[in-house]
Amino acid sequence: MPELPEVETLRRGLEAAVVGRRVCSVALFGERTVRRQDPAQLVAALSGRLVSGAARWGKYLVVPLGGGAGDEGGEALVVHLRMSGQLLHVGAGAPLAHHTRAVIGLDDGSELRFVDPRTFGELFVADALEASGRPSALAALGPDPLVDGIDADRLAALAKRRRCALKTLLLDQKVLAGIGNIYADEILFRAGLRPARAACSLAPVEHGRLVAAIGEVLAAAVAARGSTLSDARYLDLGGAPGSYQEHHAVYARTGAPCLGCGTPVTRVRVAGRSAHFCRSCQA
DNA sequence: AAGCACACCTGCTAGC
DNA sequence: TGCTAGCAGGTGTGCT
């Protein structure tokens, strides 16, 4: 569900409503939510700490923790929502949603809740923040298009020596961090490139179109507070939907007329994922 | 080493 | 109406 624009919207929500609060309590439900470390270790690391910021790398939320007893060791709570996770900020009296996996009580009486039906999502406390504020646990991630900007030369060089489909390249978090299935399709439509095109087949002018499309689509989606599909699985921190789904040109529009030329949108499978495109507008 | 299939789960929908 | 197969925004592993 959540890709870069959705996670960025949550990050902004945390910045506005949660940064500066202190953690009073932590409750975990189920076995799978904390799996990189002993859950008791996460509870101990969070309890009593100050939420001192809200950052994001790709689809990971990184919440730096301050106010430890003598340790300013640069710890951070890291959250990944995977397919079905939600992060909600509610009053303590709000009814507990089904599939609530974690409840973090804050010193103003509010709660941060992690809800995740499919249990793919996870929480962990990372130590050893690098100078950039990025946890070493996320070192394998490529540059984030919003945080780091897009290095067009690097992207072109990577594309040139990969024989995989263009869409597979965009979904590779080591290449660029944050793009998922929805925005890969929307970016490729905007760039006029077919998802199954070999990454190494692009002409220089096409590299330029791709880089521009990445920036434009992600910026527009962040401005619209992300995409909420018909199942309403993505909601922002306050429970409100995004609106970028109203601007989707191809994603989940199989058979509907292309907004550019009227040709029905085609759906194919690329590397095991569904891919939507216009046969006429994308080459 | 890149690329692919599959596993991890629950819930929803389309089709019978 | 009720069952079942298939599919879903992501990523980590292990095999070729």
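- At a threshold of 4.5 Å between non-hydrogen side-chain atoms, the residues A:Glu130 and A:Ser136 count as touching.
- Residue A:Leu88 is found in a hydrophobic cluster whose other members, listed by chain and number, are A:Val90, A:Val115; membership requires side-chain heavy atoms under 4.5 Å apart, directly or through intermediates.
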Pull out every protein N or O sitting under 3.5 Å from an N or O of nucleotides 2-6 of chain B, one pair per line with the distance.
{"residue": "B:dG3", "atom": "OP1", "partner": "A:Arg163", "partner atom": "N", "Å": "3.1"}
{"residue": "B:dG3", "atom": "OP1", "partner": "A:Cys164", "partner atom": "N", "Å": "2.8"}
{"residue": "B:dG3", "atom": "OP2", "partner": "A:Arg162", "partner atom": "NE", "Å": "2.7"}
{"residue": "B:dG3", "atom": "OP2", "partner": "A:Arg162", "partner atom": "NH2", "Å": "3.2"}

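- If you check every strand for non-hydrogen atoms under 4.0 Å, A:Tyr183 touches nothing.
- A distance cut-off of 5.5 Å between ring centres, combined with a plane angle under 30°, places A:Phe120 in a stacking arrangement with the base of B:dC8.
- With sequence neighbours excluded, the residues forming a ring-ring contact (aromatic ring centres under 6.0 Å, His included) with A:Tyr60 are A:His80, listed by chain and number.
- Rounded to whole Å, the separation between the P atoms of C:dT11 and B:dA1 comes to 22 Å.
- Residues meeting the side-chain hydrogen bond (donor to acceptor under 3.5 Å, both in side chains) test with A:Arg194, sequence neighbours left out: none.
- Comparing C:dT1 with B:dG11, their P atoms are spaced 22 Å from each other, to the whole Å.
- Residues A:Asp116 and A:Leu81 have side chains not in contact (no heavy-atom distance under 4.5 Å, counting atoms from C-beta outward).
- A:Arg269 comes within 4.0 angstrom of sugar-phosphate atoms only, judged by non-hydrogen atoms across all strands, and of no base.
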In B/S/- notation (B base, S sugar-phosphate only, - none; protein heavy atoms under 4.0 Å), nucleotides 11-16 of chain C written 5' to 3' is BS----
Working for side-chain contact (heavy atoms from CB on, under 4.5 Å), residues A:Arg49 and A:Leu77 | CA-CA 11 Å; A:Arg49 301 295 291 279; A:Leu77 171 67; over 6 Å; no
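- In DNA chain C, stems built from 3 or more consecutive Watson-Crick or G-U wobble pairs, each with both distances under 3.5 Å, span B:2-8 with C:10-16, B:10-16 with C:2-8.
- A:Ala275 meets the side chain to side chain contact (heavy atoms under 4.5 Å, CB included) test with A:Lys167, A:Asp185, A:Pro195, A:Val268, A:Val270; sequence neighbours excluded.
- Side-chain nitrogen and oxygen atoms of A:Arg32 include none within less than 4.0 Å of the OP1 or OP2 phosphate oxygen of B:dC8.
- Counting all heavy atoms, side chain and backbone alike, A:Val265 lies closest to A:Ala249 at CG2-O, 4.2 Å.
- Taking every side-chain heavy atom of A:His99 into account, B:dG11 is the closest of B:dG11, C:dG10, B:dC9.
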Checklist line | CA sep, side-chain torsions, deciding dist, call: A:Ile187, A:Leu193, side-chain contact (heavy atoms from CB on, under 4.5 Å) | finding: CA-CA 9 Å; A:Ile187 286 164; A:Leu193 300 167; over 6 Å; no
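- Judged as a side chain to side chain donor-acceptor pair (under 3.5 Å), the pairs with a partner in residues 207-227 of chain A (not counting sequence neighbours) are, in order, A:Tyr183-A:Ser227, A:Arg190-A:Glu216, A:Arg225-A:Asp236, A:Ser227-A:His248.
- When distances run from any side-chain atom of A:Arg267 to the nucleotides C:dA8, B:dC8, B:dG11, the shortest one goes to C:dA8.
- Scored by the ring-ring contact (aromatic ring centres under 6.0 Å, His included) test, A:Phe277 finds no partners at all (sequence neighbours excluded).
- Using a 4.5 Å heavy-atom threshold, the side chains of A:Leu210 and A:Leu188 count as touching.
- For the side-chain hydrogen bond (donor to acceptor under 3.5 Å, both in side chains) test, residues two or more places apart in sequence or in another chain that qualify with A:Thr119 are A:Arg32.
- For residues 88-144 of chain A, the set of pairs meeting the ring pair (Phe, Tyr, Trp, His ring centres under 6.0 Å) definition, not counting sequence neighbours, is empty.
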Just the atom pairs and distances: protein N or O near nucleotides 13-15 of chain B's N or O, under 3.5 Å.
none

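- With rounding to whole Å, A:Met83 atom CE is found 15 Å from B:dC12 atom P.
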